[in-house]
Amino acid sequence: MNLNINGRIGLIVRGKTGVGHSPGLMEQHADCILGSGEPVGFYGTGNGGRSNGVGMNLSGVVYRYDKMYAERRAYVDFEIAKSQELCSGILLISATPPQVKKFTEYWEKLERTPGGFDILGDNCSSHASAGFVYCGLLKNGIPGLDTPDNLFRQLQPRTSSQAFFGCVGFTRGSTMFDISFEAIAATPVVNTGSTAKPKLLQSQSSGLPSSLNSSNTGSRVSTHPSTSRR
């Protein structure tokens, strides 16, 4: 199936298999989805331009679709995500046109001046959170530790949204990106917000694929496939 991004923006938590599932600190990473359907996220680079397993004193960089395709292909290639059973939690959030525009503006500014990446400071979840604050969907940063899952749990009850859990991929179109999705096992679609119809929730506990392991992680957490698999 294809996910409808019209009038919405999104958060992707890599490694999240269900609404009740909390990935380990070393087993999650946050990306976002712009109003155009393009995936975008904040990464740390070192060791000759690649992410490393320490996550300290790295250079920050914004990955959009083309960079993810080159460096994290399973994050955008639907068939590879399915073959590796790479499950993600996708939260699609209703947003006004000004909010959609501001969200894109935030990522464009960050792309020009990304600054540094540090597991104890700026990482994938803290920058994703800042984007949602910048566009007005959140008032504050992530409660507790800055982790992708904590951001997901902060956003879901505070926004009109739909949550999907499974394999996701992106295909460039003429003006928008198509978002392909396939659930892994019997994961639910969960709706929140004033117009939502809540469904019975069931935690999922499937194992993570071997392609997903720690890279830039810590009290502010971001994880990616290891450089040895690229």
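Every heavy atom of this structure was used, including side-chain atoms; hydrogens, water molecules and symmetry mates were not.
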Quiz item: Any link between F78 and V168 through a network of hydrophobic side chains (Ile, Leu, Val, Met, Phe, Trp, Tyr) touching at under 4.5 Å?
Solution: no
Quiz item: At what distance, to the nearest 0.5 angstrom, does CG of N150 lie from CG of L155?
Solution: 11.0 Å
Practice problem: Tell me yes or no: between the side chains of S125 and N123, is some donor less than 3.5 Å from an acceptor? | Solution: yes
Quiz item: So which heavy atom on Q99 is nearest to which on C135, and how close?
Solution: CG-O, 3.2 Å
Self-check item: G169 backbone acceptor or donor facing E79 side chain under 3.5 Å
Solution: no
Quiz prompt | Distance (rounded to the nearest 0.5 Å) between F117 CZ and D122 CG | solution = 9.0 Å
Quiz item: Just how far is it from atom CG of L138 to atom OG1 of T159, taken to the nearest 0.5 Å?
Solution: 7.5 Å
Practice problem: Following the transitive rule for hydrophobic clusters with a side-chain heavy-atom cut-off under 4.5 Å over Ile, Leu, Val, Met, Phe, Trp and Tyr, establish whether V133 and F103 coincide in one cluster. | Solution: yes
Exercise. Hey, could you give me the CZ/OG distance between F42 and S129, rounded to the nearest 0.5 Å?
Key: 13.5 Å
Quiz item: Linking I/L/V/M/F/W/Y whenever any side-chain heavy atoms sit under 4.5 Å apart, do I12 and I80 land together?
Solution: no
Exercise. Keeping to residues at least two apart or across chains, list the salt bridge (charged side-chain N to carboxylate O under 4.0 Å, His left out) pairs with something in residues 87-101.
Key: none
Practice problem: Would you give the length of the straight line joining atom CD of Q154 to atom CG of L137, rounded to the nearest 0.5 angstrom? | Solution: 11.0 Å
Quiz item: Looking at side-chain heavy atoms only, is the closest gap between L92 and S161 below 4.5 Å?
Solution: no
Quiz item: With no hydrogens and no angle check, is any side-chain donor or acceptor of Q28 less than 3.5 Å from a backbone partner on G24?
Solution: yes
Quiz item: Under a 4.5 Å cut-off applied to non-hydrogen side-chain atoms, are I90 and I33 in contact?
Solution: yes
Quiz item: Which heavy atom in D146 sits nearest to a heavy atom in S126, and how many Å separate them?
Solution: OD2-CB, 3.1 Å
Quiz item: For the hydrophobic clusters of this structure (ILVMFWY residues joined by side-chain heavy atoms under 4.5 Å, transitively), does one cluster hold both V100 and V62?
Solution: yes
Exercise. Using the six-membered ring wherever Trp is involved, compare the ring planes of Y63 and Y43 and label them parallel, tilted or perpendicular (cut-offs 30° and 60°).
Key: parallel
Quiz item: Shortest non-hydrogen contact from G15 to H21?
Solution: O-CE1, 3.2 Å
Quiz item: Using the ring of each side chain (for Trp, its six-membered ring), is Y134 parallel, tilted or perpendicular to Y106, with breaks at 30° and 60°?
Solution: tilted
Quiz item: Hey, is the main chain of L3 close enough, under 3.5 Å, to the side chain of Q162 for a donor-acceptor pair?
Solution: no
Practice problem: Identify the two heavy atoms, one from L86 and one from A74, that lie closest to each other, and give their separation to 0.1 Å. | Solution: CD2-O, 3.6 Å
Exercise. For the pair Y65 and Y69, name the ring-plane relationship: parallel under 30°, tilted 30 to 60°, perpendicular over 60°.
Key: tilted
Exercise. Could you walk me through whether H29 and Y75 pass side chain to side chain contact (heavy atoms under 4.5 Å, CB included), step by step?
Key: CA-CA 10 Å; H29 167 73; Y75 285 6; 3.8 Å; yes
Quiz item: How long is the span from the CD1 atom in I184 to the OG1 atom in T17, to the nearest 0.5 Å?
Solution: 8.5 Å
Quiz item: Can you name the nearest heavy-atom pair linking E111 to P114, along with the distance?
Solution: O-CD, 3.6 Å
Quiz item: What residues, two or more places apart in sequence or in another chain, satisfy side-chain hydrogen bond (donor to acceptor under 3.5 Å, both in side chains) together with R153?
Solution: S22, D149
Self-check item: Shortest non-hydrogen separation from F132 to C32 and the atoms involved
Solution: CE1-SG, 4.0 Å
Quiz item: Under the salt bridge (charged side-chain N to carboxylate O under 4.0 Å, His left out) rule, what pairs show up with a residue in residues 29-39, not counting sequence neighbours?
Solution: R14-D31, E38-R64
